[in-house]
Amino acid sequence: MLKLEECRERIRTELDNVVDFWLKYSHDTVHGGFFTCIGKDGKVYDALKYVWLQGRQVWMYCRLYRTMDRFRKPEILEAAKAGGAFLRKFARVSSSSGQWKCAFCLTRDGKIVKIQRTIFSECFYIMAMDELSRVTGDKDMQLEAEQMMEQLIYWVQVDSSGLGRPELPGDIPTNSMAVPMMLLCLVQQLAEGRGQEVAQKYSELGSWCVQQILQHVQRDGTAILENVSLEGAELPGCQGRLQNPGHALEAGWFLLQYSAERGDEELQRTAINKFVELPYQRGWDTEHGGLFYFLDVDGHCPTQLEWSMKLWWPHCEALIAFLMAYSQTKKPELLDRFSQVYEYTLSHFSDAENGEWFGYLTQEGRVALDFKGGPFKGFFHVPRCLYMCERILDDLLANKD
């Protein structure tokens, strides 16, 4: 039986250790910003800087600084401000149409290496600027975040040509779950504590995001599919059959937050039954434990080479989703699920010797790639998960009968 007090203490210790790892090894004191390609023992193995990971680290530092007393340290604030300054100086690229795009990858000193034709660098730029404005009181940053948000909304809802993707005759437009998920996350970020006027400004967009996410409930409610048509129909081929359990679980807790803010019990039920329970049931490896990375809804072998691997972030999302679902409903089976994911995650990903977590395990649960940070893994999913779980456990324990 999982003891919540012991669980909170372990999570608290893990969070402290993870924060210490990134404070110690990731700061570039010469050029600003953060190293994210960090080996298992803290050595930097590549100096490239990925804009979405820079934004995530600024956001995470600011959120910890703003909301948890023990992280209200000058070194955390100064690192966040330095990261924000690096982003503002180097991340944005002006296009010929006058639209702002963010680079995907920069050299150590801020020269552009790569631009992606997606919205995700911009999403985390917005999160970073908004959260940084909250701890510094800098209204220009808040305005910048809101302006870039308007740009994103335009790209997603009106005209995506500014992203630079050519329209091809055989390329079917799709609703990929990542896009409405990220926009919903940004709506919650920008509106938090900003008053009725800002909440109203993004209210319609929030509703639209929820409806777009719900379109991914397919096969008469028995599956969450990663990609659907713009009309919400199943797509042909591998793309249409693709399932990503971690993404569905993350969408689940986004929807739980949204439903709690609005007292929407029907959405809460859908979030738990379809986006939390279902991906876990389909995605959990009953032989070796852990969540598969990708699945094919019809049972074909997915074409992604890493489909059977166990990655850090889906397990982080599962921990948040099950604990949040339990905190809202007090259903013991949800706590049991949390406990199962918790035992697997902490025993397989956490590195007691060098700190932080490994990110990539084989299907059997052995470490496959032993670095602590790379182009996709930075200071985000692990600390966000530990931070959110600690706060939920604080509330559960404070309100214990």
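Bear in mind that the values here come from a model prediction, so they are computed numbers and not experimental data. Positions are given from 1 along the sequence.
- Looking only at distances, no side-chain donor or acceptor of K372 sits under 3.5 Å from a matching main-chain atom of K43.
- Two residues are said to be in side-chain contact when any heavy atoms from C-beta on lie closer than 4.5 Å; Q215 and P180 fail this criterion.
- Between atom SG of residue C238 and atom NE2 of residue H300 there is a gap of 8.0 Å, rounded to the nearest 0.5 Å.
- With R241 contributing its side chain and D296 its backbone, the two residues share no donor-acceptor pair below 3.5 Å.
- Ring-centre distance between H247 and W313: below the 6.0 Å cut-off.
- R262 contributes atom CZ, which lies 9.5 Å from atom CG of L267 (distance to the nearest 0.5 angstrom).
- With rounding to the nearest 0.5 Å, the separation of CG in L278 from CG in N273 is 9.0 Å.
- Put simply, the side chain of D138 does not reach to within 4.5 Å of the side chain of Q142, judged on heavy atoms.
- Using cut-offs of 30° and 60° on the angle between ring planes, the pair Y344 and H315 is parallel.
- Of all the heavy atoms in L235 and I172, the pair that sits closest is CD2-CG2, 4.1 Å.
- Of the charged side-chain nitrogens involved, none lies within less than 4.0 Å of a carboxylate oxygen, so that R391 and D395 do not count as a salt-bridged pair.
- Closest of all the heavy-atom pairs between Q218 and A233 is OE1-C, 4.3 Å.
- No donor-acceptor distance shorter than 3.5 angstrom exists from the side chain of R117 to the backbone of R165, with no hydrogens or angles considered.
- L249 approaches P279 most closely through the heavy-atom pair CG-CB, 4.2 Å.
- A ring pair (Phe, Tyr, Trp, His ring centres under 6.0 Å) with Y61 is found for exactly one of F380, W22, F34, F71, namely F34.
- Without hydrogens or angle criteria, S327 side chain to M324 main chain gives a donor-acceptor distance under 3.5 Å.
- Within the 6.0 Å centre-distance limit, the rings of F86 and F90 are counted as a close aromatic pair.
- Within 6.0 Å of atom CD in E150, more than 12 heavy atoms from other residues, nucleotides or ligands are found, so the atom counts as buried in its surroundings.
- Expressed to the nearest 0.5 Å, how far CG of D130 lies from CZ of R194 amounts to 4.5 Å.
- Taken to the nearest 0.5 Å, the CD atom of E5 stands 4.0 Å off from the NZ atom of K400.
- Figure legend: cation-pi geometry between K331 and Y326 absent, as NZ or CZ is not positioned both under 6.0 Å from the six-membered ring centre and within 45° of its axis.
- A salt bridge does not link D140 with R88: none of the charged nitrogens is closer than 4.0 Å to a carboxylate oxygen.
- The environment of L168 atom CG is dense: over 12 non-hydrogen atoms of other residues, nucleotides or ligands sit within 6.0 angstrom.
- Side-chain N or O atoms of R72 include one that pairs as donor or acceptor with a backbone N or O of R66 at under 3.5 Å.
- Ion pairing of R384 with E317 is present here, as a side-chain N (NZ or NE/NH1/NH2) and a carboxylate O approach within less than 4.0 Å.
- Panel note: side chain W52, backbone P375; a donor-acceptor pair is recorded below 3.5 Å.
- A donor-acceptor contact under 3.5 angstrom links the side chains of Q189 and W59, judged on distance only.
- E390 has no carboxylate O lying under 4.0 Å from a charged side-chain N of R8, or vice versa, which leaves the two without a salt bridge.
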Just do the side chain to side chain donor-acceptor pair (under 3.5 Å) check on S161 and D159 with the steps written out, would you? CA-CA 6 Å; S161 62; D159 178 10; 2.9 Å; yes
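- Looking at L346 and W357, their side chains come closer than 4.5 Å, going by heavy atoms from C-beta outward.
- Checked for salt-bridge contact, D351 and K40 miss the test: no charged N lies under 4.0 Å from a carboxylate O.
- Residues L132 and K81 form a side-chain contact, since some pair of their non-hydrogen atoms from C-beta on lies under 4.5 Å apart.
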Worked verdict on Q147 versus W100 for side chain to side chain donor-acceptor pair (under 3.5 Å): CA-CA 10 Å; Q147 286 172 338; W100 282 108; over 6 Å; no
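- Heavy atoms from other residues, nucleotides or ligands lying under 6.0 Å from NZ of K330 number more than 12.
- The aromatic ring centres of F371 and Y360 sit less than 6.0 Å apart.
- Under a 3.5 Å cut-off, the side chain of K310 and the backbone N or O of Q363 do form a donor-acceptor pair.
- A side-chain donor-acceptor contact under 3.5 Å links T13 to the backbone of E9.
- Within the 4.5 Å cutoff, side-chain heavy atoms of E146 are placed close to those of Y202.
- Under 3.5 Å, the side chains of Q328 and Q268 contain a donor-acceptor pair of N or O atoms.
- Geometric assessment of K49 against the ring of F35 yields a positive cation-pi assignment under the 6.0 Å and 45° thresholds.
- In this structure, E14 pairs ionically with R10, as a charged nitrogen and a carboxylate oxygen lie closer than 4.0 Å.
- The minimum heavy-atom distance between L386 and I11, with the atom names listed, is O-CG2, 3.3 Å.
- Using a 4.5 Å heavy-atom cutoff, the side chains of R12 and L393 are not in contact.
- Looking at heavy atoms from C-beta onward, C209 lies out of side-chain contact with Q188 at the 4.5 angstrom threshold.
- Within the 3.5 Å criterion, the main-chain N or O of Q116 finds a donor-acceptor partner in the side chain of K101.
- L230 and N175 make their closest contact through CD2-N, 4.0 Å (heavy atoms, listed as atom of the first residue, atom of the second, distance).
- Residues I224 and M177 have side chains in contact (heavy-atom distance under 4.5 Å, counting atoms from C-beta outward).
- I119 and L163 make their closest contact through CG2-CD2, 3.9 Å (heavy atoms, listed as atom of the first residue, atom of the second, distance).
- A salt bridge between R337 and E277 is present, with a side-chain N of the basic residue lying under 4.0 Å from a carboxylate O of the acidic one.
- Applying the 6.0 Å contact sphere to CD of E265 captures no more than 12 heavy atoms from other residues, nucleotides or ligands.
- Looking at R219 and D298, a side-chain N of the basic residue comes within less than 4.0 Å of a carboxylate O on the acidic one, giving a salt bridge.
- Rounding to the nearest 0.5 Å places CG of L184 at 9.5 Å from CE of M182.
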